[in-house]
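Below is one structure, written out as C-alpha cells; comments come after it.
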Amino acid sequence: MKKLLLASAASILTASGVYAEDVKIGILVGFTGPIESLAEPMAKGAELAMKEVSDSGAFMDGSTVTPMRADSGCIDNGLATSNAERLLADGISALIGADCSGVTGAVLQNVAIPNGMVMISPSATSPGLSTVEDNDLFFRTAPSDAREGQVMAEILMDRGIDSIALTYTNNDYGKGLADAIESEFKKAGGEVTIVTAHEDGKADYSAEVGALASAGGDILVVAGYLDQGGLGIIRSSLDSGAFDTFGLPGGMIGDSLPKNVGSDLDGSFGQIAGSGGEGIEKLKSMAGDDFDATSPYTPESYDAAALFMFAMQAAGSTDPAEYGPKIMEVANAPGEKIYPGDLAKGLKIIAEGGDVDYVGASAVELIGPGESAGSYREIEVQGGENTTVKFR
C-alpha cells in the first residue's frame with residue numbers, strides 16, 4: 001500500500017509539472033594561491049544566498065540548492081580546468097567563478113563553452129573577457145579593469161600624484177590592468193616612469209624594485225596579488241627605502257596586506273569594486289560574525305548566486321540553455337528592486353509572472369556583454385587597516 005501511495009503521488013507530481021529537486025551550483029575560487037585570503041568569504045557569500053533560497057521554499061516548486069566548492073588556484077589553469085570538469089561531472093547546473101582572469105578564460109574556453117555551461121565570475125576583471133567569443137555563456141558581477149583604470153587615474157590625480165612607477169603580475173589580469181592604468185593616467189596628464197612585470201612566488205624582489213626605484217616616481221603602483229608577488233614587491237620596497245607609499249588596485253585590497261606589512265603601509269591607497277547603500281548594509285547584517293561581507297568580491301559572489309537562481313526561476317528550468325538568456329532580464333530594470341534578504345520575495349514575484357530588478361549587495365547593473373557597470377570603494381590604509389574613504 002505504501003508503495004502504491006508513493007507511486008500515485010509521483011504520478012500526480014509528474015502530471016502537474018511540479019519537479020522539486022536539489023540544484024547543484026559550483027563555486028570555483030582560489031582556496032589556494034595568491035588571493036587565498038579572499039576565497040573563504042567569497043564562497044560563504046555565495047552559499048548564504050543559496051541557503052536563503054533553499055530555506056524560502058519558493059524556488060522551482062520547492063527545490064533546494066546545494067553549493068559545491070572547488071579550488072581554482074587563481075593562477076593554475078590546469079587545476080582550475082580539471083576542477084571545473086569535476087564539478088560538471090558531479091552534476092552542477094551553474095558555475096560561480098572562476099575568480100582570477102586567466103583561469104576564468106581557461107575554464108570558459110576549455111570547459112564551459114564545450115559543455116554549454118553558464119558562468120558568472122564575481123571577480124575576474126580582465127578587459128579581454130569583454131570581447132571573448134563566449135556563446136553568451138559568460139557573465140560577471142565585477143566591473144572590467146578598463147573601468148578600474150579610469151577610477152585609479154581619477155584617484156591619483158585627486159591626490160596630487162604627478163608621476164608613478166608601475167609594476168604588474170605577469171599574467172592576463174596584471175597586464176590588462178596595467179595597460180588600463182597607464183593609458184588613463186597618461187590621458188589625465190600624469191607621467192608613468194616605468195612599466196614592468198613581476199613574477200609571483202619569488203623569494204627575492206630586490207632586482208625588480210631596483211629597476212623601479214631607478215626610474216623614480218611619486219609612488220609605486222602595484223597591480224599584483226596581496227598574498228603573493230605584490231606583497232613581496234612592497235616589502236622589498238620598504239626594506240630598501242625605494243618607495244614608502246603605494247597605489248593598490250583591486251588584487252591588492254584585502255585585510256591580509258596591512259596585517260602582513262604593518263603600519264609602514266599607512267597612507268597607501270587604492271580601490272576595489274564595491275558600493276555603499278542599502279544592499280551592502282543588509283548583507284553585513286545577514287553575515288553577522290560568520291564572515292566579513294565587505295571582504296573584496298564577497299558581495300559580488302552573493303549576487304552571482306542570486307542571479308543564477310532568479311534566472312532559473314524565470315525560465316522554469318535549471319538547463320543553462322534555458323535560463324542563460326534570463327540573466328540580463330532579472331539583473332536590470334524594469335521590475336521591483338531586490339536586495340539581500342529579499343530573495344524569497346523576488347522568487348515569488350517571478351513565479352507570479354512579475355518583473356524584478358536585482359540590485360543585490362553590489363548595486364548590480366549588467367551592461368554590454370553581461371558585465372557590471374561598476375562602482376568602486378576608494379581605500380586608504382589607516383592605523384594598519386583598510387578604510388573606505390569614499391565611493392566612486
Side-chain angles (χ1 to χ4, degrees), residues 19-29 31 38-72 83-84 86-88 90-99 117-123 139-142 279-280 282-293 295 297-320 322-324 326-327 330-331 338-351 356 358-362 364:
Y19 299 97
E21 61 178 305
D22 183 43
V23 180
K24 297 175 181 177
I25 298 181
I27 302 172
L28 183 65
V29 295
F31 294 103
L38 307 182
E40 186 67 19
M42 288 173 67
K44 285 190 171 182
E47 289 164 352
L48 181 60
M50 295 182 211
K51 183 179 186 303
E52 184 181 343
V53 164
S54 290
D55 290 349
S56 75
F59 176 60
M60 298 287 292
D61 299 315
S63 294
T64 54
V65 186
T66 296
M68 302 189 71
R69 291 187 179 192
D71 185 16
S72 75
N83 278 341
R86 177 177 61 79
L87 288 171
L88 262 67
D90 287 342
I92 63 167
S93 298
L95 181 59
I96 296 171
D99 49 353
M117 178 55 63
V118 177
M119 299 171 59
I120 302 180
S121 173
S123 55
F139 302 83
R140 50 182 168 176
T141 47
I280 188 60
K282 284 189 171 184
L283 186 62
K284 285 164 62 177
S285 177
M286 291 168 62
D289 295 330
D290 185 34
F291 64 94
D292 180 5
S295 182
Y297 306 116
T298 295
E300 288 81 3
S301 299
Y302 176 97
D303 291 343
L307 286 175
F308 268 131
M309 295 180 290
F310 275 14
M312 291 175 185
Q313 183 88 335
S317 173
T318 59
D319 181 350
E322 297 292 329
Y323 74 72
K326 298 292 185 180
I327 291 175
V330 299
I338 302 296
Y339 297 92
D342 297 340
L343 300 191
K345 173 184 173 183
L347 291 168
K348 290 174 183 176
I349 291 171
I350 294 169
V356 296
Y358 183 75
V359 179
S362 64
V364 171

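Counting begins at 1 with the first residue of the sequence. Being a predicted model, the structure only gives us computed values, none of them experimental.
In this structure Ser285 satisfies the side chain to side chain contact (heavy atoms under 4.5 Å, CB included) test with no other residue, sequence neighbours excluded.
Met60 and Ser317 get closest at one heavy-atom pair: CE-N, 3.6 Å. Ser123 and Met42 make their closest contact through OG-CE, 3.6 Å (heavy atoms, listed as atom of the first residue, atom of the second, distance). The two residues Ala98 and Ser72 make their nearest non-hydrogen contact at CB-CB, 4.4 Å. Among all heavy-atom pairs drawn from Val330 and Ala314, the shortest one is CG1-CB, 4.2 Å. For Pro41 against Ser295, the heavy-atom pair with the smallest separation is CG-OG, 3.4 Å. Considering all non-hydrogen atoms of both residues, Ala46 and Ala305 come closest at O-CB, 3.6 Å.
The closest donor-acceptor contact from the side chain of Tyr358 to the backbone of Phe310 lies at 3.5 Å or more, if one exists at all. Ser301 places no side-chain N or O within 3.5 Å of a backbone atom of Ala43 that could act as its donor or acceptor partner. Using a distance-only test at 3.5 Å, with no hydrogens or angles considered, no donor-acceptor pair links the side chain of Glu47 to the main chain of Pro67. Side chain of Glu322 to backbone of Gly316: no donor-acceptor contact under 3.5 angstrom is found. In this structure, the side chain of Gln313 engages the main chain of Ala58 through a donor-acceptor pair within 3.5 Å.
We find the NZ-CG distance between Lys348 and Leu343 to be 12.0 Å, quoted to the nearest 0.5 Å. Atoms CG and CD1, on Asp71 and Ile27 in that order, are 13.0 Å from each other to the nearest 0.5 Å. Separation of atoms CG (Leu87) and CG (Leu95) is listed at 6.5 Å; rounding is to 0.5 Å. Distance CD1/Ile25 to OG/Ser93: 7.5 Å, rounded to 0.5 Å. Separation of atoms CG (Leu88) and CE (Met68) is listed at 10.5 Å; rounding is to 0.5 Å. Separating the CD1 atom in Ile338 from the CD1 atom in Ile349 is a distance of 4.5 Å, to the nearest 0.5 Å.
Residues Val23 and Phe59 have side chains in contact (heavy-atom distance under 4.5 Å, counting atoms from C-beta outward). Two residues are said to be in side-chain contact when any heavy atoms from C-beta on lie closer than 4.5 Å; Tyr297 and Val29 fail this criterion. Within the 4.5 Å cutoff, no side-chain heavy atoms of Thr141 are placed close to those of Tyr302. Side-chain contact between Thr298 and Asp292: absent, with no pair of heavy atoms (C-beta onward) separated by less than 4.5 Å. Residues Met117 and Ile92 form a side-chain contact, since some pair of their non-hydrogen atoms from C-beta on lies under 4.5 Å apart.
Looking at Ser362 and Asp303, their side chains do bring a donor and an acceptor atom within 3.5 Å of each other.
Using a 4.0 Å cut-off between a side-chain N of Lys or Arg and a carboxylate O of Asp or Glu, Asp90 and Lys24 do not qualify as a salt bridge.
A 6.0 Å sphere centred on NZ of Lys51 holds no more than 12 heavy atoms belonging to other residues, nucleotides or ligands.
Tested against Ile96 for a side-chain contact (heavy atoms from CB on, under 4.5 Å), the candidates Met119, Met50, Glu300 yield a single pass: Met50.
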inquiry  = Phe308 vs Val65, test: side chain to side chain contact (heavy atoms under 4.5 Å, CB included). Steps then yes/no.
reply    = CA-CA 11 Å; Phe308 268 131; Val65 186; over 6 Å; no

